Amino acid sequence: MMPLPSVGGLGIAAMSYVAVDYMRYVSPVWHSRLQPVLWSLLVIVVLTRVLFYKHWSAEFRAAIPFLASIFFLLSALLFEALSVRSVTAVLGLDWHRDTPPLPDTGQWFLLALNESLPATIVEILRAHIIGLHHFLMLFVMLGFSVVFDSVKAPGLGLGARYIFTMALGRLLRAITFISTILPSARPWCASARFNDVPSHPHSWLQKYYVPYAKDPAAIRQLLHWDAAYADPGEYIADYRADWGSMSFLNDFLRPSNSEGSSWFGLLKKAGGGCNDLLYSGHMLVAVLTAMAWTEAYGGFSSALIWVLVLHSAQREIRERHHYTVDCIVAIYVGILLWKMTGFIWSGKRKTKQTQLEKIQNRLIHAAKDSDMETVRRLVEEMEVSFGEEKHARVSNRTMTVFACATVITTLTIVVLALTLTSDG
């Protein structure tokens, strides 16, 4: 059997991946040479270790929670995509063109640092060292490290926790940014990416928002009457696509005649939207990756990943992809959500031996106290424990099929995730 890698092996592999990928900006030639070599080496090492992996029964038990987490994530992403398109389209392009960005203390602070820090440091802060797909890949490397026994098995359990927490975070994020619509930090975004969206607001907003948007006296009167008293005039009608049973989405997506007959096609073009989406989805992924590394692996590499999280946050603010509040909220929401989902998988190693040792200690104390009822109950617990282990055994053929299916499916998911997030 191959020896286990050193304690820092996973950290070295992770930092090598980030460094080699950054070489696309420094030396594209060397990047094109080194990246295939690094990927090939990592895949070969993992596939070699898979042959000696001992925890396939634990992975088998974690498969259903893992698949359920993926379904939950896909559902959350669908709801998020609907919400992104809706908050961009509901106010119309004129609102996006005319509404200035919000004042952001973090943006001012970074501009001030550009004037006071050495040019080299500023260039490092501006550098595209790490992106969304890097954080996803770092987690994938962490998950596969179970084959080296660097991380507590099952890897699918760790993956289920990560995916479930991300799905919960994306769902809460969508609920948050549809609650109050905030202007983008990039005012030109909507006109460039959603030029087919109507210029005027939705009829609902023509009645409840437009008459009171800029007139303080009208707002005061609205508060007094607590009713939409203004006459909005004749509503400007929208084009309505024939989507069959999904036609109710017209009011949320506001399609145009030139955008095709598929409501799902509109969602694929939504991307990250053109409003400020509180909180940052990029930062949520980054924080969850850092939290997973900290709990499952720890060490110096985890500290480096947190440094990369902070670097990514200041870049999100510097490049006006998000306001500072979006990144700050994403950081503490990500930390809190990860702490809440420890019931799915935990980095604490609880072995069958330690459980039996606890029962044995309690058994000794009960015997000294002549408490035969407790002794009988503890013996039954030991029998149940051994019985569960016996029933958990699955045939070697089933485990082999499951192992091959798991490796192939996981690698497919990795390729799809990297492909779909390659543009950030």
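Computed from a prediction, not measured in an experiment: that's the story for all the values here.
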After noting the C-alpha distance and the side-chain angles of Asp326 and Glu316, does the key distance pass the side chain to side chain contact (heavy atoms under 4.5 Å, CB included) rule? CA-CA 9 Å; Asp326 304 330; Glu316 289 286 306; over 6 Å; no
Check: [Y] main-chain N/O paired with [X] side-chain donor or acceptor under 3.5 Å:
X: Asp104; Y: Thr324; result: yes
X: His96; Y: Leu93; result: no
X: Gln35; Y: Ser32; result: no
X: His311; Y: Ile124; result: yes
X: Trp30; Y: Val20; result: no
X: Ser69; Y: Ala160; result: yes
X: Arg318; Y: Ala313; result: no
X: Ser86; Y: Leu82; result: no
X: Tyr208; Y: Ser203; result: no
X: Arg315; Y: Ile130; result: yes

To the nearest 0.5 angstrom, please state how far the [atom1] atom of [X] sits from the [atom2] atom of [Y].
X: Phe144; Y: Leu158; atom1: CZ; atom2: CG; answer: 12.0 Å
X: Leu278; Y: Ile328; atom1: CG; atom2: CD1; answer: 11.0 Å
X: Thr105; Y: Leu110; atom1: OG1; atom2: CG; answer: 11.0 Å
X: Leu125; Y: Leu113; atom1: CG; atom2: CG; answer: 7.5 Å
X: Tyr17; Y: Met141; atom1: OH; atom2: CE; answer: 8.0 Å
X: Glu123; Y: Asn114; atom1: CD; atom2: CG; answer: 9.0 Å

With the threshold set at 4.0 Å, does a side-chain nitrogen-carboxylate oxygen contact exist between Glu295 and Arg161?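 Yes, Glu295 and Arg161 are salt-bridged.
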Residues Asp149, Lys54: salt bridge by 4.0 Å N-O rule: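 Looking at Lys54 together with Asp149, the answer is no, because their closest N to O distance does not fall below 4.0 Å.
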Under 3.5 Å, is there a donor on one side chain and an acceptor on the other for [X] and [Y]?
X: His202; Y: Asp251; answer: yes
X: Gln107; Y: Tyr323; answer: no
X: Ser184; Y: Asn275; answer: no
X: Ser247; Y: Trp243; answer: no

Can you run down the disulfide (SG to SG under 2.5 Å) pairs that involve residues 298-333, sequence neighbours left out, and say none if there aren't any?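 Counting only pairs at least two positions apart or across chains, no disulfide (SG to SG under 2.5 Å) contact touches residues 298-333.
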Within a reach of under 6.0 Å around [atom1] of [X], are more than 12 heavy atoms found that belong to other residues, nucleotides or ligands?
X: Asp226; atom1: CG; answer: no
X: Tyr235; atom1: OH; answer: yes
X: Leu172; atom1: CG; answer: yes
X: Phe109; atom1: CZ; answer: no
X: Met246; atom1: CE; answer: yes

Do you know which two heavy atoms are closest between [X] and [Y], and how far apart they sit?
X: Leu42; Y: Ala13; value: CD2-CB, 4.1 Å
X: Arg173; Y: Leu277; value: NH2-CB, 3.4 Å
X: Trp263; Y: Leu78; value: CZ3-CD1, 4.3 Å
X: Val285; Y: Phe135; value: CG1-CB, 4.2 Å
X: Pro154; Y: Ala62; value: CG-CB, 3.8 Å
X: Glu80; Y: Ala174; value: CA-CB, 4.0 Å

Would a line drawn from the ring center of Trp56 to the ring center of Phe60 be shorter than 6.0 Å? no
Under 4.5 Å between any side-chain heavy atoms of [X] and [Y], yes or no?
X: Tyr209; Y: Pro201; result: no
X: Val90; Y: Trp204; result: no
X: Tyr279; Y: Phe177; result: no
X: His282; Y: His321; result: no
X: Ser145; Y: Val151; result: yes
X: Asp276; Y: Leu102; result: no
X: Thr294; Y: Trp306; result: yes
X: Tyr239; Y: Asn250; result: no

Passing option when Glu319 is tested against Arg126, Arg186, His128 for side chain to side chain donor-acceptor pair (under 3.5 Å):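 That would be His128.
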Let's go through Arg85 and Phe252 carefully: what are the C-alpha distance in whole Å and the side-chain angles of both, what is the deciding distance for side chain to side chain contact (heavy atoms under 4.5 Å, CB included) to 0.1 Å, and is it a yes or a no? CA-CA 8 Å; Arg85 168 75 186 199; Phe252 300 97; over 6 Å; no
Step by step, would you call Asp21 with His134 a side chain to side chain donor-acceptor pair (under 3.5 Å)? CA-CA 9 Å; Asp21 204 59; His134 294 109; 2.4 Å; yes
After noting the C-alpha distance and the side-chain angles of His322 and Ile317, does the key distance pass the side chain to side chain contact (heavy atoms under 4.5 Å, CB included) rule? CA-CA 5 Å; His322 278 285; Ile317 301 167; 5.7 Å; no
Mutual orientation of the aromatic rings belonging to Tyr22 and Tyr25 [parallel < 30°, tilted 30-60°, perpendicular > 60°]: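 Ring orientation of Tyr22 relative to Tyr25: tilted.
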Geometric class of the Tyr162/Trp338 ring pair [parallel <30°, tilted 30-60°, perpendicular >60°]: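 Perpendicular, since the angle between the ring planes exceeds 60°.
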Determine, step by step, whether Thr289 and Leu136 satisfy the side chain to side chain contact (heavy atoms under 4.5 Å, CB included) criterion, reporting the C-alpha distance in whole Å, the side-chain angles of both residues, the deciding distance to 0.1 Å, and the verdict. CA-CA 7 Å; Thr289 300; Leu136 291 172; 5.8 Å; no
Taking side chain to side chain donor-acceptor pair (under 3.5 Å) as the cut-off, I'd like each qualifying pair that reaches into residues 210-223, sequence neighbours left out, listed once.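 Checked against side chain to side chain donor-acceptor pair (under 3.5 Å) - neighbours excluded - no pair reaches residues 210-223.
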